[in-house]
Asks: 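Would you mind keeping the following structure in view while I ask a few things?
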Amino acid sequence: MDSGACFPRRARMAGQQAFANVFAQPAKSSDRYFTVLARANGLAYPRLGLAISRKVARSAVARNRIKRIVRESFRSQQSQLGGLDWVVMGRAGLTAQTNPVLFAALQRHWQRLAPPCAPS
RNA sequence: GGAACCGGCUGGACGGUCGCUGUAUCGCAUUGCGGUAUGGAGGAAAGUCCGGGCUCCACAGGACAGGGCGCCAGGUAACGCCUGGGCAGUGCAAACUGACGGAAAGCGCCACAGAAAACAAACCGCCUACGUUCCCGCUUGCGGGAGCCGGCAAGGGUGAAAAGGUGCGGUAAGAGCGCACCGCGCGGCUGGCAACAGACGCGGCACGGCAAGCCCCGCCCGGAGCAAGACCAAAUAGAGGAGCAUUCACGUGUGGUCCGCACGGCUCCUGGGUAGGUCGCUACAGGCGCUUGGCGACAAGCGUCGCAGAUGAAUGGCCGUCCUCGACAGAACCCGGCUUACAGGCCGGUUCCCACU
């Protein structure tokens with residue numbers, strides 16, 4: 001399962017320090033739906049952190065949906081994402097969009113910030 | 001068949017594929033990977049409005065303060081919930097609604113309008129019997145008129161509310177003044193566990209309303225919450241043990257005041273917080289079925305089932321097929337309620353109307 005599409009526990013960012021590290025000096029990519037931050041984590045695999053605030057998605061159901069979409073996109077693309085920590089933040093209005101639109105938007109963010117030397 | 005009321009259930013289905021997570025088991029193995037099997041959001045998971053369990057603070061104690069509840073009986077671990085009953089109101093009805101104890105313990109309030117708003121009152125009005133003054137007539141111990149002194153509360157008008165209502169009698173006019181019925185109060189009686197109801201007798205009728213203003217009466221309530229709390233690796237606070245000192249004052253303690261209770265200073269020894277990890281963390285006032293008791297809420301007995309436990313936070317993505325095209329909405333310690341949101345569908349009971357036999 002080295003280059004597979006699973007999403008194990010180790011691929012989640014844990015702890016305040018991991019987040020603070022990314023927020024300190026991030027590479028940034030944003031559009032009207034998401035702001036994506038990335039920074040090298042010194043590991044051989046990427047990790048994902050989610051920051052979908054109550055302000056962006058008011059109901060718990062809407063928030064869960066966004067998180068699932070981001071995780072799913074990350075899971076399918078993680079072999080391209082190198083040793084970086086990724087923090088995905090939602091922006092107002094994204095809950096009105098359909099799943100295909102959000103998947104396409106995330107796809108663009110991954111490609112923009114992914115290390116060019118990553119194996120394809 | 002139509003209209004309506006009440007109660008209960010359900011909350012897209014199937015297949016493929018890629019994932020997440022708990023448990024069991026097997027394998028590999030630097031306690032993490034992989035295989036297999038199996039479980040994985042709701043009726044409201046929501047609001048956090050009540051009631052409990054659980055945890056810590058004295059296993060929670062006394063007095064006051066403060067708060068909650070409030071027809072009666074039952075159910076329950078408990079409740080502000082539920083069931084049954086009473087009373088009142090709405091509806092033809094099934095049904096629904098209800099801050100429903102006390103106003104002859106006390107205080108307070110009753111705006112505007114109105115004459116008068118509480119141990120009542122007379123603005124308009126009605127009357128002139130009794131007593132008395134004057135005038136006129138006269139049959140001179142009489143009659144009429146005007147007034148004074150007065151009488152009355154029927155009618156009008158105001159108001160949320162005006163001192164029982166209707167009818168007959170009665171009277172100068174009136175009036176529970178008298179009587180009948182209704183209402184009200186009191187008394188015992190009957191029925192009911194009770195709230196209460198009923199008939200009977202007595203009383204001519206008083207005790208205006210607001211307690212959702214204070215208050216009185218009865219019952220209940222200590223506080224904080226899983227970031228509770230317990231444990232684990234490094235430095236400071238704090239903790240435990242032993243010895244010495246003080247037992248007055250002062251200070252500290254999980255909600256307010258007082259009491260009570262516990263702790264406090266110095267020396268030595270033991271040992272050692274953190275959203276980092278582990279536990280708490282899901283098996284119970286548990287679900288389902290049957291029997292029995294009960295009008296019912298519910299209880300008892302027997303049988304059977306194992307039914308989410310995440311923690312930067314799982315229960316999903318994509319594709320295909322089908323239908324009546326899918327609402328409100330996502331567990332976070334756990335239960336019992338209440339309230340609020342909700343597309344559609346199904347079932348049962350009851351009432352009214354219409355038609356038919």
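Letters go in sequence order (proteins before strands), and every chain restarts at 1.
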Asks: Quick one: which of B:G317, B:A329, B:A313 gets closest to the side chain of A:Phe103?
Replies: B:G317

Asks: For B:G1 versus B:A44, give the span between their P atoms, rounded off to a whole number of Å.
Replies: 33 Å

Asks: Taking the chi torsion of B:C214, is it syn (within 90° of 0) or anti (everything else)?
Replies: anti

Asks: Does B:C215 have a Watson-Crick or wobble partner in any strand here, with both distances under 3.5 angstrom, and which is it?
Replies: B:G102

Asks: Work out how far the C1' atom of B:C123 is from that of B:G169, and round it to whole angstrom.
Replies: 32 Å

Asks: What are the two closest heavy atoms between A:Arg112 and A:Ser29, and how far apart are they?
Replies: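 Reported closest heavy-atom pair: NH1-OG, 3.0 Å.
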
Asks: How many whole angstroms separate atom CD of A:Glu72 from atom C1' of B:U315?
Replies: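 Those two atoms, CD and C1', are 14 Å apart.
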
Asks: Is there a Watson-Crick or G-U wobble partner for B:C318 with both distances under 3.5 Å, and which nucleotide is it?
Replies: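 Because both required distances fall under 3.5 Å, B:C318 counts as paired with B:G16.
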
Asks: Examine B:A313: is either OP1 or OP2 under 4.0 Å from a nitrogen or oxygen in the side chain of A:Arg71? Give yes or no.
Replies: yes

Asks: Can you name the closest pair of heavy atoms from A:Ala57 and A:Thr95 and give their distance?
Replies: CB-CG2, 3.6 Å

Asks: Measure the distance from CG on A:Leu50 to C1' on B:A313 and round it to the nearest whole Å.
Replies: 10 Å

Asks: Could you tell me which nucleotide pairs with B:G143 by Watson-Crick or G-U wobble geometry, both distances under 3.5 Å, or answer none if nothing does?
Replies: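 Base-paired to B:C136.
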
Asks: Could you give the distance separating B:C112 and B:C219 at their C1' atoms, to the nearest angstrom?
Replies: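 Between the two C1' atoms, the distance is 43 Å.
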
Asks: Pick the C1' atom in B:C290 and in B:G309, then give their distance to the nearest Å.
Replies: 33 Å

Asks: For atom P, what is the distance between B:G42 and B:A331, given to the nearest Å?
Replies: 12 Å

Asks: Check the distance between B:G42's C1' and A:Asn64's CG and give it to me in whole angstrom.
Replies: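 Value for this atom pair: 14 Å.
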
Asks: Taking only N and O in the side chain of A:Arg68, is any of them less than 4.0 Å away from OP1 or OP2 of B:U315?
Replies: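 For B:U315, OP1 or OP2 has a side-chain N or O of A:Arg68 closer than 4.0 Å.
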
Asks: B:G43 and B:G61: how far apart are their P atoms, nearest whole angstrom?
Replies: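 Result for the P pair: 39 Å, nearest Å.
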
Asks: Side-chain heavy atoms under 4.5 angstrom apart, residues restricted to Ile, Leu, Val, Met, Phe, Trp, Tyr: same cluster for A:Val61 and A:Ile69?
Replies: no

Asks: Please tell me which of the listed nucleotides, B:A313, B:U315, B:C318, lies nearest to the side chain of A:Asn99?
Replies: B:C318

Asks: Checking ring pair (Phe, Tyr, Trp, His ring centres under 6.0 Å) between A:Trp110 and each of A:Phe103, A:Trp86, A:Phe34, which is the one that passes?
Replies: A:Trp86

Asks: Taking a pair as Watson-Crick or G-U wobble with both distances under 3.5 Å, which nucleotide is matched to B:C250?
Replies: B:G264

Asks: Suppose you measure atom P in B:A211 against the same atom in B:G70; what distance do you get, rounded to whole Å?
Replies: 15 Å

Asks: In whole angstrom, give me the gap between the C1' atoms of B:U190 and B:U350.
Replies: 36 Å

